[in-house]
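Residue numbers count from 1 along this sequence. Since we're looking at a predicted model, the values are computed, not measured. Order of listing sets the numbers, starting from 1, for every ligand and every atom in it.
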Amino acid sequence: MVDYHIHTILSDGKSTHEECLQYALKSGLQEIGFSDHVCLKFPDWATRKAHFEKMKSIFLDLKQRKNLPFSIKFGIEADYLRGLEKAIQKSIALFPVDYVIGSIHYIGDWNFDTHPKDYKHVDINQFYIDYFQLLDECSRSGLFDILGHIDIPKKFGYYPSFSLKPYYEKMAKVFAQSDIVYELNTSGLDRTCKAFYPDDDFIKTCFNQNVPVTLGSDAHRASDIGKYFNQAVEKLKAVGYRKIAVFNQRKRNFILL
Ligand SMILES: [Zn+2]
Ligand SMILES: [Zn+2]
């Protein structure tokens, strides 16, 4: 199994790369992938520009590590920001990455997944509509290998009054056309929504459109690496998935579940 979504102290994680490696030794994972935030709005949860060089040198250093029972992959979790595609492309090119996770944490200037209190005056229906429009653009942008936590608007337990099924159908088709992978992100189970990202129906719809999947814990501390993965694998198998996507220098491959 692989965990491709891990944050360290370079962005908003609490553990160092070394602490993550030590914890992963006990995890039985085949691959672990670091994916600190790179966001061109530079909020406090993203890697500071001054640390880009450090991140790059940590990547290159850890590549030299031998005798580990798992391979180490390097990714970034890059924010999709409408209109900044060229700048995002440039920032990705700074790092020798194996994969890039494209995530949406902003609608306009609103960082919607950070403070639940921000929701007081939000039109939740419009929020979901705006989010899925951005997800559509994010998927088609060609910038990313993996889409992160694809139904994150549910994080704080706010749901629209309409059914999301037509949106799942539309999005899964867009993902298939974009030839992009999505992640089953297990961190939602510890949030207000108490569910993996994405929901079961969304996973089934993606499977029916032959959209490949990979796995991520979105760990912000070493002890969350691989969290709930047994449950996640069971879920993917129950839906019909038999393999998950892995990456090496942005080339996609598959391993059996
Ligand atoms: Zn994220
Ligand atoms: Zn993350």
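- In the hydrophobic clustering of this structure, F254 does not group with L147; members are Ile, Leu, Val, Met, Phe, Trp, Tyr whose side-chain heavy atoms approach within less than 4.5 Å, directly or through other members.
- Checking H5 against the Zn ion (ligand 2), an N/O/S atom falls under the 2.8 Å cut-off.
- Distances from the Zn ion (ligand 2) to the N/O/S atoms of D218 are shortest for OD1.
- Sparse packing is recorded around CG of D109, with 12 or fewer heavy atoms of other residues, nucleotides or ligands lying under 6.0 Å away.
- Considering just the N/O/S atoms of H7, the one nearest the Zn ion (ligand 2) carries the name NE2.
- Using a 3.5 Å distance cut-off with no hydrogens or angles, the side chains of S103 and E77 do pair a donor with an acceptor.
- Summary: OE2 is the N/O/S atom of E77 found nearest to the Zn ion (ligand 1).
- Distance check for H105 against the Zn ion (ligand 1): an N/O/S atom falls below 2.8 Å.
- Not a single N/O/S atom of H149, whether from backbone or side chain, sits less than 2.8 Å from the Zn ion (ligand 2).
- Salt-bridge formation is detected for the pair D145/R250: a Lys NZ or Arg NE/NH1/NH2 atom is positioned less than 4.0 Å from an Asp or Glu carboxylate oxygen.
- For the pair K170 and F132, the cation-pi test (distance below 6.0 Å, angle within 45°) is failed.
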